[in-house]
Amino acid sequence: MASSIENNNEKLTLKSSDGEEFLVEKHVALQSTLLQNMLDSDCSSADVIPLPKIDARTLALVLGYCKKHADASSSKQGELNSFDSEFLKDMDMGALFNLVLAANFMEIKGLLDIAAQKIADTIKDKPHQEVREIFHVENDYTPEEEAAVREENRWAFEGFP
Amino acid sequence: MRPKDHKLNLVNSCNGFLCLSEPSRNDPVVVCNPITGEFINLPVPTQADESTKSDCGFGFNPKTNQYVVIRMFDQQEKVCGRVREPITGREIFSPRVAEIHTLGTDSWKRIGCAPSSTYGYKLEFPSYLNGALHWLLMDYNISEYIASFNFVKDIFQPVPPPPLRRVFSWPPLRHGMISWETMKNMSLGVLRDMLCICDHNSDDFEIDIWVMEKYGVQETWTRLFCITATTEGSRWLRGVYKPISYLRCGAVLFFHRLANAVVYYNAKKPSCYLKFLKVRGVKSKYEAIAHTPSFITLNDAVMGDNLATLSITSRSKPILLMQRKYMKRGRKTRGFNTHKVDKELDDYEKQQKLNLGPSLEDLPRPISFDILLRLPTKALLICRCVCKTWRNLISDQEFAKQHFSCAESFPLIRSLSPTHIPRNLYLFEPPEHSSGFDLREHCSRYGDAHYMSEHHFHMKLETKLKIPLRNAELAMNSEGDANVSGSSKGGVKRKRCIKLKPKDHKLNLVNSCNGFLCLSEPAQNDPVVVCNPITGEFINLPVLTQAANKSYPKRFSDCGLGFSPMTNDYKVIRMFDQRERVYKRVRDPITGVEDYSRRVAEINTMGTGSWKRIGRAPSSHYGYKLRFPSYLNGALHWLLIDFNVDEPIVERNYIVSFNFDKERFIAIPPPPRNDAIISFHKMEDISLGVLRDWLCICDHDDNYFVMEIWVMKKYHVQESWTKLFRINTTTTPYNRWLSGVYKPITYLRSGDILFFHRLGNAVVYYKADERVTVLKVCGVKSNYEAIAHTPSFISLKDAVMGDNSPVLNIKSRCAGLKLQGETKALFLSEKNEELDSYFDLSSKS
């Protein structure tokens, strides 16, 4: 980490799928294992690094997260935790899914972790109908099939309408 | 009723009236107002060529104030000369002619040649506007693709088309012509009194919505909206978007036939993208047309004496039936009242329910697994119900393996009621994330947990798993009796609780290994069933080679389930007193004592149909059972209470293990102790278990008010025994200390340790270096037991190989039966009063 702080003013450009370019400090970009590997190998930092799978809105979020974590890596964990929960608060499912995909692609474990947990928390304690609505899943069970699956673990649905 | 005889097709809507046709020939037969329920049967049309379908539609002549139905069909008479096709002007041998019928008269009037597609396509999207009915004429390379019939002049006319944008087309088209591809995705409609062409360029993900601002004037074609894929984040659906309505609020509604969805687009809203509101309810496809609801009666609208306006509501029952059937068939009209929908649309906005947004299936499998793996057992079981894809994802062997590898073990609690057959096992899953098992947080998070003013924890045990009954057939028979006498009120069958004798049906809980449970019959404690309570599967173990010797003193068998990592086999061990007399001294494999004990061990490798004798089994001189069967590391472990008070403790092996790889009993070196001699009472207060991957000894000394938790960090290495915690019970605030055995259950990721206290019927949780909380199990008036269990979705079918043991499922058998006492819920409660009874009892005894 010490070396990256020395190179603090070194910057690189990331390009989102919709063509927007982001100028990031190198130590922020290093939060991403993908970018780290790219920088470690031949890729010159002068080049624009295209991220064809990530749109500008998501990339902005991702970089916001990276910046906070890169800058605060030595500071308190508690502060970061509260940032994390605040970061995902009120985020809609579409954005969360994009974030998970981006974190997966850019290999940012911490972000992948909190976003996946957030999605899991959304599913938890909800009846299946609500889960369907949140995830826009089409119910392909016939009513009989659904009743059968439901019946297998009737207790799980107790307390739900 | 047969759809063939009774179904009617929806053709078009004009001024609040609908034109309906019979489906086989598409000839118009009825005009109705679905709001008032009136309808008019149209006169029988002229004979037509039976091999082709008609086109039809319904419109209004503003000059004469008359409603007119038009029908285009292939005439039966031979066409002897070229006729001029009225739209394209081509001279062709077309048999297609048109007839009109003015409502209120009783006849059809022939008006000559009708437009038709060279390729036999029907006229699409009949749309009434401004005294004329409009269609899309599906044909190759024509520029006059919008056909219309003017009801005032009774003539067909082409409508000048909009200047469609086409960046590229190959082969190049003549000016004004459009390609087949364009044609295919195009649709026609009316938006706010303007003819509308909806041009969907699916290659560029663009929808252009053109409206003709001044009717009939080509120059007034204006592009109202251009919806592009980049304006939104949701998925793009190919296919035809049929324009339905342009609401006052500025939103446009389409119907997407292939997706069976109403598509909502509002350019004014900041998030202006397409929202798909799926039509649901009946498993079928749907159609939709634009319709302005009207309370104008057909009687007022249609003049003439030859008219019989019938009413759906006043007619006989069969008609009503038909109507219902018709709805059931899924031909649903979605009427959009422009007056009312504005308000409703905000609800649509809020709902966004049916928006085809993100889906778990879109994520790469490792990520969707990652998300699902974070769910507690209950949520996973609920998610199986979401859809087939999710169910398959969760039932996937790979998922089950991953799930198990990161699953924690939890207390599996069961009532010990002697009069009931407790089939329900309650899994207590403490909330996992954040600060671990924080009761305060838990109380506030769960709706049904009462966070009482005294800060007492009270929680319903929701995760209820079932184990099988011992004699399913017997139980089924009793169910038959119960059903006969059970009453069925109003068609709802109420299942009566059936009463079964615990003696016949009860199974004891022995131990848990890799998510599977070993169950024994209670009379002799012989192993009979292995089950996975999550999947509901179970395997009946093969018949025992011989019953245990019943002569005095009667001793229970010892048993347990284990796994052999080397051969990948699950094995059940049974230790019992054989019938044959023993004439030679045999050496006890653990204590080394030579005597005439009849105790022998047999194992069954699951999947095989037999038991294999493996020789002398360890046993207590005093007839004690092997306690706390605990599986770890390819071996099952027990505590052996076989005291010899004078013997130095260091030489004594009180931890017995059976290694399933070697099929051999091995003594495990116990943790070091300060006191050299272990008393009998001491022995009774020690418990054995597995915390994380360590064998654990929990040593509770009532006299010194301490409890020590030892773990063996390196398996079978005596020096690796480490004291994990030492709980000083005198300094434990807040709660009274229970004497007796604390059975270690689990050491959670959060750092908390859970115990089960058998005498107190309580789950005891210890937060490292903090307080101890006693959570009393309550709900049924009985004692309780608990074992550590790691929930697993791994199927017994995948785990056990071999043909000799069919995998049965409780869910397909007796799960539906309700047994006495099974309906009651169990709770974990911190309430001190609950424990008072125990303290009273213990002080008396």
Side-chain angles (χ1 to χ4, degrees), chain A residues 17-19 55-58 81 85 92-101 103-105 112-143 145-160, chain B residues 230 233-234 276 278 280 283 351-364 366-368 370-391 424 426 431 433-434 445-448 460 462-466 534-536 809 811-812 815-816 825:
Chain A
S17 63
D18 36 359
D55 62 50
R57 190 183 158 216
T58 310
N81 284 348
S85 56
D92 68 66
M93 258 314 139
L96 263 177
F97 272 70
N98 285 334
L99 209 56
V100 163
L101 287 169
N104 184 52
F105 177 69
L112 181 62
D113 220 43
I114 59 166
Q117 185 64 49
K118 173 87 183 175
I119 297 173
D121 287 348
T122 316
I123 302 176
K124 209 150 65 181
D125 303 326
K126 293 218 169 58
H128 58 292
Q129 299 96 331
E130 224 170 286
V131 175
R132 265 181 214 146
E133 282 159 18
I134 293 166
F135 290 94
H136 313 293
V137 178
E138 191 171 356
N139 177 18
D140 49 4
Y141 283 120
T142 64
E145 284 171 339
E146 188 179 332
V149 184
R150 232 179 114 112
E151 190 58 29
E152 281 181 12
N153 294 94
R154 194 181 339 138
W155 58 268
F157 300 93
E158 282 169 9
F160 293 141
Chain B
T230 51
S234 76
F276 287 82
K278 282 213 115 176
R280 288 195 189 169
K283 211 179 158 81
Q351 281 183 343
Q352 287 198 3
K353 280 178 179 177
L354 309 164
N355 176 6
L356 298 170
S359 172
L360 205 61
E361 300 144 44
D362 297 341
L363 294 178
I367 303 183
S368 51
D370 184 21
I371 292 168
L372 290 174
L373 288 174
R374 291 163 193 269
L375 293 174
T377 315
K378 180 183 165 180
L380 276 176
L381 289 171
I382 288 174
C383 282
R384 274 159 38 110
C385 220
V386 167
C387 66
K388 286 176 181 166
T389 322
W390 284 38
R391 184 191 59 189
N424 288 338
Y426 296 82
H433 69 292
S434 72
R445 256 166 27 87
Y446 281 72
D448 60 341
K460 188 179 174 187
E462 283 179 317
T463 309
K464 211 190 307 178
L465 310 176
K466 266 204 172 67
I534 298 275
T535 61
N809 201 311
K811 284 153 190 169
S812 62

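So you know, we letter chains A, B, ... as the sequences are listed, proteins then strands, and number each from 1. Just so it is clear, the model here is predicted, and its values are computed rather than measured.
The shortest distance between side-chain heavy atoms of A/Tyr141 and B/Arg391 falls below 4.5 Å. Considering only heavy atoms from C-beta on, A/Glu145 comes within 4.5 Å of B/Lys388 through its side chain.
Only the side chain of B/Cys383 comes within less than 4.5 Å of a heavy atom in chain A; its backbone stays farther off. With a 4.5 Å cut-off on non-hydrogen atoms, B/Ile371 touches chain A through its backbone and its side chain both. Residue contact with chain B, scored on non-hydrogen atoms closer than 4.5 Å, involves the backbone and the side chain of A/Asp113 alike.
Within the 3.5 Å criterion, the main-chain N or O of B/Cys387 finds no donor-acceptor partner in the side chain of A/Asn139. Checked by atom type and distance alone, the side chain of A/Arg132 pairs as donor or acceptor with a backbone atom of B/Cys385 at under 3.5 Å.
For the side chain to side chain contact (heavy atoms under 4.5 Å, CB included) test with B/Val386, the passing option among A/Asp140, A/Ile123, A/Val131 is A/Val131; the others fail.
In terms of heavy-atom pairs under 4.5 angstrom with chain B, the leader among A/Ala120, A/Pro143, A/Ser85 is A/Ala120.
Nearest heavy-atom pair across B/Pro364 and A/Leu101 is CD-CD2, 3.3 Å.
The CD1 atom of B/Ile382 lies 12.5 Å from the NZ atom of A/Lys124; values are rounded to the nearest 0.5 Å.
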